[in-house]
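Labels below follow one simple rule: chain letters A, B, ... track the order of the sequence lines, proteins then strands, and each chain is numbered from 1. As the structure is a prediction and not an experimental result, all values here were calculated from the model.
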Amino acid sequence: MNDADTIQPLSARPPYPPGDAEAFYAHVGSGGKVEADDWMPDDYRAAVLKFVEMHANSELMGVLPERDWIMRAPTLRRKLALTSKIQDEVGHAQLLYRVAEDLGKPRAQMLQDLLEGKTKFHNVFHYPTRSWADVGIIAWLVDAAAIVSQQALRDSSYAPYARTMKKICWEESVHIMHGRDVVLTLMNGTQKQRAMVQEALGRWWGPLMQMHGPPTDPAKDKDLHWGIKAKNNEQLRQEFLSIYVPRLLELGLRIPDPLLRHDAASGRWEYTEPDWAELKSVVTGHGPASQSRLEFRRVNFADTQWVRDALLGNAAAA
Amino acid sequence: MAESPPLDATSREALAELLLSVADDEFVIGFWDSEWTGIAPMLEEDVATSSIAQDEIGHAKVLYELLAELTDEDADRIAFERAPDAFRHASLMNHARGDWAFSVARRYLYETADQVRLAALAGSTYEPLALLAGKMRREETYHLMHADTWLRRLADGGSVGRDRLSNSLECLWADAQEIFAPLIGEETLVREGILPEPMQAMSMTWQARVRPKLEPICGALPAATPSIDGRMRRTSDFAWLHGEFTSVARSEEAATW
Amino acid sequence: MDGERVWEVFRQEDEGDPMMHSGNVNAPDEELAMHYAREMYGRRGESHRLWIVAREAITELDDPDLLKPPFDRSHKKPGGYVIKHKLQAAKERAASEAGE
C-alpha cells in the first residue's frame, strides 16, 4: 500500500504555551499570527498598542487638514469625492481604535491622551493647507506614502491589525486615484493652476521625505523582529521614491531637492538628508498647525460631550 | 431620456423652478451637514452623518443635471455660478449648522417633509423626475430611520438633550413650513400633473404627520403656514456659506477643476 | 463611554455567499449598532446582507486539543483516499487478462 504520502501529518502542538515568552517570540519571528484574546507578553502588547494607537490618532487628525476644503470643493463631483475620502479616514480611525481597544485601552482614554498631547500622530498632519492644490497633493502623495507602509503591514504578526490593513489599503487606493486626478486636472489647466501645484509640492516635499522616519538599526528594531511591521523605514522611503518621483517628473513638476537622483549602480535613490530634528519637533507637538488642530478637536469634543452623555443615559435606561 | 408629454415654454420654466427648489434644498442641507465630518459626537456616527450628507449632494447633483438638460446649461455652473439671491432653497436651510440637537431637529423636519414631497413627485407626469424621485425615496428610507432614531434618543436621553432639541424644534418650526412654499408657476405644474399635488396640500399632510411626534417633545407648536417668499429669503449665514463654496471655483475664470 | 458595547459584523458579499466576519463597531444598543454596521460595512453597496451580533453572544472555541487533535483522521477527508497506484495496477491486470 502506498498511502503514506497522503496521510495528514500529525497535528502540530499549539503554537506556543501561554506564558512562554521565548516560544511566543519564536512564533511571531517565524511568521506566526496572534489574535486579540491570545496570550501575549506585555512587551509585545505594549508595542503593538503604541503602533496602532499612533496610526489611529493619525487617521483622526488627518481629517483636519482637508476638512476645510470640503466646503470649498469647486465642482459637485470633487465635493462628493473629497467628503467620501475624509469619511473613509474617519472610518479608518474607527477600525484602528477598535483594534487598539481590544488590546486593553479604552477608546475614551485614547481620545483623551491624544487631546492632551500625551500620544502622537504622524508629522504630515501637523502642517497647514493653503490651496486647492494642497488637497490634490495630500490625497495623492501623502496617501501614497501611507499606503507603502500599510501594504507592508498586511503581513503584521498581529492578525486583527493585518486584517484591518487590507481593508484600509483597498480604500486608500481610491483616494490616491482621486488625488492624482485632481493634480492632473490642475497640471492640464491654466498657468496659475500649474503654479499652484508646484508651490504646494514645494511645501509638502520636506514633510513627505520625513514621513517614514529616520533609518533604524534593523538589529535593534523590535517592531521588525516581532513582525509588527514587515519593512524598515528606509525600504519604505525607497519604495515611495521609486514609484512617485517618475510620476511627478513626467508632469513637468520640479522636485525641490537638488541632490535627488537614482543611482543606477546601487539601485538606490539618493537625496538630501531629511531634517530629522524638524520631524522630532513636529511630532512632539511643535508643528505649525499642531496646537491649533488639537485645540480645534478639544473644543469640538467638549461641545459634543452632552450628546455622548445623552446616549449613555439612554443605554442605562434600556 | 424617458418619454414624457412635450413641454411648452411656460411648463418648462415652471418645471425649472421646481427642480431648482428641490436641488437647492438638497445641496444646501448637504453642505451644512457635511460640516460634521471629522467632528461628530462619535466616530461611527461621524461616518453615518457623512454618508447622509453625501447622499444629499449626490441627489442635488443629479437634479442639477436634469435641470441642465432642460435648460441647455451645465450642472456645475448652475451650482457654483449663481448669486445668493438666485438660490431657491427653503428658509429652513438658511441657518448655520448649529449644535447636534439643531442638526437633528432640522434633519428630522426636512426628511419628513421631503418624504411627502418625493411621494408626490414619484407620480409626476414628467417621467425623468418621477424616476429620479423613486430612486431618491429609497435612499431617503435610511435618512428617515436615522433622523427618527436621533429624535427619540435626544428626547429620551435626559433633560439636557431634550431641552436643546425642544428649543431647536421651536426655533425651526416656522422656517420648516417653507419647504412647501408656493412655487412660481405652480398652477401650471399642477395642471400638467408635473406636480401631482399642490404644495399647500402637501404641507397639511406633513403637519398632520409630524405634530403628534414633535408636540410631546416641545409642547404645542403654533399654527403655521408657508409664506409667499419662503424660498426667496436669504441670511448672512447663507451668504457666508455661499462665499465659502464658491471661493475656489471663482478664483480662476473658466478653469477646469 | 461606559454604555458602549462591541458588536461583531458579518457580511455576505453576494446572494448565496457565506457570512464572513468583517469587523466590529461600538454602539450603546442594537438599533445604533445596525446603523453603524451599515456604514462601516455597507455604505459602498458592497454587501448583500449583514449580521450584527453582540460580542458577548459569541462563544469562541480555539482549543487545539479539540480542533487539531493528534491522531490520524485522514479517513475523514478526500485526501485520505488516493487510489492512483491501485487503479493503475488494476487496469494493467485487466488489460493483460483481456489479452490472454
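Minimum interatomic distance between C:D29 and B:R153 (heavy atoms only, all atoms of both residues): OD2-NH1, 2.6 Å. Considering all non-hydrogen atoms of both residues, C:N26 and B:E44 come closest at N-OE2, 2.9 Å.
No more than 12 heavy atoms of other residues, nucleotides or ligands shown are found within 6.0 angstrom of CZ on C:R49. Within 6.0 Å of CZ on B:R77 lie no more than 12 heavy atoms contributed by other residues, nucleotides or ligands. Few gaps surround CD on C:E56; more than 12 heavy atoms of other groups in view lie less than 6.0 Å from it. Enclosure of atom CD in C:E30 is not indicated, since only 12 or fewer non-hydrogen atoms of other residues, nucleotides or ligands lie within 6.0 angstrom.
Taking the six-membered ring where tryptophan is involved, the planes of C:H35 and B:H146 are perpendicular, since the angle between them exceeds 60° and thus also 30°.
At least one side-chain heavy atom of B:M42 sits under 4.5 Å from a side-chain heavy atom of C:E4. Within the 4.5 Å cutoff, no side-chain heavy atoms of C:R38 are placed close to those of B:M145.
For the pair C:E39 (side chain) and B:E45 (backbone), a donor-acceptor distance under 3.5 Å is absent.
Here the CG atom belonging to B:D148 is positioned 7.5 Å from the CD atom belonging to C:E31, to the nearest 0.5 angstrom.
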